[in-house]
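These values consider heavy atoms only, across backbone and side chains, with no hydrogens, waters or symmetry-generated copies.
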Amino acid sequence: MTYYYQALFTISLLLSLAYTVKWRRRYNVYFTLEFTVLPIACFGYLQEQIATTLDHIILAKQLSYLGGTFGTLFMTLCICYLCKFNLSKNIRRILFAIIFMIYLTILIIPQTNFFYRDMSVNVVNGVTVFSKKYGPAHVVFNVILFALFTLNFIAVLRGMRKRYDVSLTTTVLLFIAVLTNFVAFFFGRMFLKNLELIPIGYVASQILMLFLPERMVLYNVDDTLVDVSVERGDIAIISLDKKKHFLGCNSVAKEFFPQLNRLKIDENLLSGDDFCQRISTWAGMVKKENGKVGRLYGTGGKYYKVIGDVIRNGSGLRGYNFMITDDTQQQNYLRLIRNYNATLEKDVEKKTKEIVEINDIFGKNVSPQIRDYLLKGNISLGGEKREATVMFCDIRGFTTLSENMAGEKVVQLLNTYFTGLEKCITANNGVINKYIGDAVMALFGVPIPSDTHQKDAYQAALAMRKELVELNKEFKKKGLPELRFGIGLHSGTLLAGNIGAASRMEYTVIGDTVNTASRIEGLCKTYKSDLLISSSTADALTKSGIQLKFVADAAIRGRSEKVELYSD
């Protein structure tokens, strides 16, 4: 019989070591506690088998009951977590307190009769026999143990009913683990009188728990946070396993594609509608390309940008992850440009060929100076933190203005306007990062480093103001409406790099500095100013001898501290 307990302890220890190798930061802490306690409990059963004295047996009992108390509690909390059966903090604290008190009575077995009323050790036919009478604490232990198993069964059965949120495979495996331990604890002696089946239940739990956390990491898509664009808008997340079965999605994905509400966890996407089948097809493309694949998907008048990537565990394929953003506004704008600029297509094609290399890196046109700099290899294809100044410039009331104009005149107006602004920005060592509808986002200090990026941005803003005066004169002559804009400047640390798929990348910047610059530009309306400058930019300008006037301490959405705003 000793070999039986030795084998179970060895297996339990090896399973815990395997968990240590596979450990991921996103695993719930109760998994780690479970794999810590159960080998100790199995060791306790082994020691009880070879014990020859009462003190040795009591110590072994104290080790083995770690599994019956804390091991069972941790298993319950793991099961509730996997089945999305939420227990409040107060309930968890109460359970911990009860288990701790019960185990305390086990630790003081030699001094009290709470757990065992009477104990003795006898040797019968060369075998050490431990005799005991149970005390009131042992009765409470059995009641609590039964209550925990009941809670386990409730959580698993509820998880089986939540097929749209919890994997049926996961719940079935958990049911097997709970049932195995329940039978071992309460009915084990009915099958084998001289052997404890409880260690088998522990080992079975470890085997299943070793498999489930890896699947749990794949299923846990609700907590995914992606910050890949300065443009406002939510990102949908859809995950598949390596067999292209649906693992789940976040709430944004269900808003974009309501049909996902009808997909059950682990369901094959080929059983879904056209969108689900297309995602499955894209997964095959991602696997074939062994990396990111970008696609545009249109349905019901909406356009979505889809970026798919593989999920790996080392070199092994685990599944697929898709990030989807609503690209309708951008696509409609591009369609407007195509419809009303057919005469420019040949010119665009010619210019596109000239800048194909830089398009492969940035996916957009840049000034000749920037182009020459980048083609020398002065750019990191990853991401890097940089100190820079971000400018946002937005036309005031453009939506209302464009609704009363013909499409040809809207395009004519924007082309002339953007050309004038680009001249001012590039002349002051800046680069236009992107056009967002009628707004311009410009960067100073990236990608080309500069110690004067604050002053460059300020000088560009002044030049843009003068240029707008000349542009409005030209617009007036052509019968076009005059324009007004607002400019926001903010300096700080940001993350600059390429974002997108391998076949289509966009050089952009992200971070609080970018978001704050955008918010400051929006405050131009509030403070009736065409130029607002944050204190981080203004401080550098003041040191260079430029006089600015204080406007206000403004609350910026997304920041806890107010920002000092200045103007010229």
Sequence neighbours excluded, which residues qualify as side-chain contact (heavy atoms from CB on, under 4.5 Å) partners of T281?
M285

Side-chain heavy atoms of I238 within contact of Y320, under 4.5 Å
no

Going by atom type alone, with no hydrogens or angles, which donor-acceptor pairs under 3.5 Å involve a side-chain atom of residues 96-105 and a protein atom two or more places apart or on another chain?
unit_1: Y103; atom_1: OH; unit_2: Q62; atom_2: O; d: 2.4
unit_1: T105; atom_1: OG1; unit_2: I102; atom_2: O; d: 2.4

Sorted by chain and residue number, the ring pair (Phe, Tyr, Trp, His ring centres under 6.0 Å) partners of F275 (sequence neighbours excluded) come out as F257, Y297

Residues E564, K562; criterion salt bridge (charged side-chain N to carboxylate O under 4.0 Å, His left out); working and verdict:
CA-CA 7 Å; E564 294 181 3; K562 291 185 177 181; over 6 Å; no

Is the backbone N or O of S491 less than 3.5 Å from a side-chain atom of S536, with the two atoms forming a donor-acceptor pair by type?
yes

For L495, the side-chain contact (heavy atoms from CB on, under 4.5 Å) test, sequence neighbours excluded, returns K385, I510

Residues at least two apart in sequence or cross-chain that pass side chain to side chain donor-acceptor pair (under 3.5 Å) with T10, listed by chain then number, are none

Report the residues that fulfil side-chain contact (heavy atoms from CB on, under 4.5 Å) with N90, sequence neighbours left out, ordered by chain and then residue number.
S88, R93

List the atom of C83, the atom of V156, and the distance in Å for their closest heavy-atom pair.
SG-CA, 3.9 Å

Roughly how far, to the nearest 0.5 Å, is the OG atom of S534 from the CG atom of L565?
7.5 Å

CG of D326 to OH of Y304, rounded to nearest 0.5 Å, is 5.5 Å

Salt bridge (Lys or Arg N to Asp or Glu O under 4.0 Å): pairs with one or both residues in residues 201-210, sequence neighbours excluded
none

May I ask you to decide whether D118 forms a salt bridge with K132, counting only side-chain N to carboxylate O separations under 4.0 Å?
no

Residue pair Q47 / L59, side-chain heavy-atom distance below 4.5 Å
no

What's the spacing between T72 OG1 and L145 CG if we round to 0.5 Å?
5.0 Å

Under 6.0 Å from the CZ atom of F182, do we count more than 12 heavy atoms belonging to anything else shown?
yes

Under the ring pair (Phe, Tyr, Trp, His ring centres under 6.0 Å) test, which residues partner H138, sequence neighbours left out?
F115, Y134, F141

Pairing residues for Q259 by the side chain to side chain donor-acceptor pair (under 3.5 Å) criterion, not counting sequence neighbours
D273

Look up atom CG in L208 and atom OG1 in T180, then write down how far apart they are to the nearest 0.5 Å.
7.5 Å

Parallel, tilted or perpendicular, judged at 30° and 60°: which one describes the rings of Y45 and Y202?
tilted

Could you state the interatomic distance from CG (N113) to CZ (R117), rounded to the nearest 0.5 Å?
8.5 Å

Which residues share a side-chain contact (heavy atoms from CB on, under 4.5 Å) with L54, sequence neighbours left out:
I58, M119, V121, F130

Quick test of your reading: applying salt bridge (Lys or Arg N to Asp or Glu O under 4.0 Å), list the pairs with at least one residue in residues 55-72, sequence neighbours left out, ordered by first then second residue.
E48-K61

Taking the side chain as every heavy atom from C-beta outward, state whether L296 and D327 have any pair of such atoms under 4.5 Å apart.
yes

Please check if the distance between the ring centroids of Y19 and F31 is under 6.0 Å.
no

Let me confirm one number: the CG-OG1 distance from D274 to T299, rounded to the nearest 0.5 Å.
7.5 Å

Minimum-distance pair of heavy atoms, taken over all atoms of H245 and N268
CD2-CA, 3.6 Å

Tell me which pairs pass side chain to side chain donor-acceptor pair (under 3.5 Å) where either residue lies in residues 147-158, with sequence neighbours left out.
T76-N152

Partner of F9 by ring-ring contact (aromatic ring centres under 6.0 Å, His included), out of Y3, F43, Y4
F43

